[in-house]
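Computed over heavy atoms, backbone and side chain alike; hydrogens, waters and symmetry mates excluded. Start at 1 with the first residue, then count along the sequence. Being a predicted model, the structure only gives us computed values, none of them experimental.
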Amino acid sequence: MKPRASNRSPIRAVANDRGAVLALVVLMLIAFLGLAALAIDLGLLYTARGEAQRAADGAAHAGAGWLMHNPGATDEEIEAEAVRVGQENLVRGEWGDIDPDQDIDVLRDERKVRVRVNRTHERSNPVRTLFAGVIGFGGVGVAASAAAQIWPGDGSECIMPFAIPDHWFVNDGGTLRDAAIGDVYDASRGDVYVPASDPDQVAVPSDPHYTGYGLARVGQQITLTSADPSESPQPGWFYTIRLPGTQGGNDLRYAIRDCWEPAGVYQLEDEVIKEPGNTVGPVRQGFGDIFNDPNEQDITWDDQMQCPVRSGGDTCVGSESRRVRPLVMFDPTNWEDIANGAKPVPITAFAGVFLESWDGNNSITVRWMRYQTIKPAQNWEDCADCLLQTLRIVE
């Protein structure tokens, strides 16, 4: 029997196949466009999340910075600064919502400020999508949180070319010469320093991260007088040091008046070089340059703010003033090793000072103060009580 011939036209079969392929292409194109639209929305939301995080970081940093520079500030003032800076950073073209009552935590005991930034349905400001609205997602909530902490500093630039004896100096009676707050030296317990605030706590003088000039000293006055470089240290004496790149009296005068940039950043345990010569003239000239500057003459210490302020001002003056500088300290018990000549002096501590008044010669009265530095300590415990401080995002 002859096979039955097909009545299907080859041309019609090809046409049907083309129609099926076209339908499949259309479906795939719709799916692809849908996926592309969702990818665009996901990218938009990813960008919004990053912008919200930057806003939170900036707000937390600003709040903690306000607390650091204005330790007498109220929570409301800290919160206002955090909100102001946080809302300078837009999230997809709009402010993120920062409610001071709900979204800002001022944690003074931890020296920390935490901030949350919201663009959410609950705050009636979700991030609007471009394409996902067709499947019911017209807006998506985005939020971010950050905490900034006042962190101890481990080094500083812009140091004044002076080194002063650290708190470890002991007189013949066995007590610290600078024992204004009751701290004592107790040889019976070993070579230890005993803080009056916690007699059970001791610190070994060889520990380079400890100084008696800590946060409890903020605002306390001390008069510093130019030392005789050939004599043993005395409380309140300062020794001029030779910063890298300086040579002679003119450079010393400049380094007292302004930051000596080539000096770079000093850290604990670095060494500075004691200047062995007579520096009375350059020191007097440097002090005169500072106190005769009209821009420096309206600054006074504010006990409530615990910092220097300009006349009529309500915020602390920081390192923009020539009268706010960091000093380095050294261990005077090793004086015999460095007494003669241009000897290296290991740094045991730093402190910020406000140059409050000058006697017109070589004595200057300062106030201990916090000083912001750019070099953070590796660990909080290394120098939790240091007068040098910086800011870090910790959450």
*Asks:* Give me the ring orientation class for Phe238 and Phe162: parallel if the planes are under 30° apart, tilted from 30 to 60°, perpendicular past 60°.
*Replies:* tilted

*Asks:* In terms of side-chain geometry, is the basic nitrogen of Arg322 or Glu296 positioned less than 4.0 Å from the acidic oxygen of its partner?
*Replies:* no

*Asks:* Would you call Asp289-Arg253 a salt bridge at under 4.0 Å N-O?
*Replies:* yes

*Asks:* In the single-linkage hydrophobic clustering (I, L, V, M, F, W, Y; side-chain heavy atoms under 4.5 Å), do Leu67 and Val85 co-cluster?
*Replies:* no

*Asks:* Between Arg367 and Asp302, is a salt bridge (charged side-chain N to carboxylate O under 4.0 Å, His left out) present by the stated rule, with each step listed?
*Replies:* CA-CA 11 Å; Arg367 299 250 192 179; Asp302 187 299; over 6 Å; no

*Asks:* Do Arg242 and Lys274 have side chains that get closer than 4.5 Å, going by heavy atoms?
*Replies:* no

*Asks:* Check Glu157 with Lys375, please: is the shortest side-chain N to carboxylate O separation under 4.0 Å?
*Replies:* no

*Asks:* Please determine whether side-chain contact (heavy atoms from CB on, under 4.5 Å) holds for the pair Val309 and Asp314, giving the CA-CA distance in whole Å, both sets of side-chain angles, and the decisive distance to 0.1 Å.
*Replies:* CA-CA 7 Å; Val309 298; Asp314 57 1; over 6 Å; no

*Asks:* With Arg116, which of Asp97, Asp57, Asp105 fulfils salt bridge (Lys or Arg N to Asp or Glu O under 4.0 Å)?
*Replies:* Asp105

*Asks:* Gln220 side chain to Val218 main-chain N or O, any donor-acceptor pair under 3.5 Å?
*Replies:* no

*Asks:* Salt-bridged, Asp103 to Arg123, with N to O below 4.0 Å?
*Replies:* yes

*Asks:* So, Gln149 and Glu110: side-chain donor and acceptor under 3.5 Å apart, yes or no?
*Replies:* no

*Asks:* Hydrogens and angles aside, do Trp301 and Asp303 bring a side-chain donor and acceptor to less than 3.5 Å of each other?
*Replies:* yes

*Asks:* Using modelled atom types only, decide if a donor and an acceptor are shared between the side chain of Thr373 and the backbone of Gly155 within a distance under 3.5 Å.
*Replies:* yes

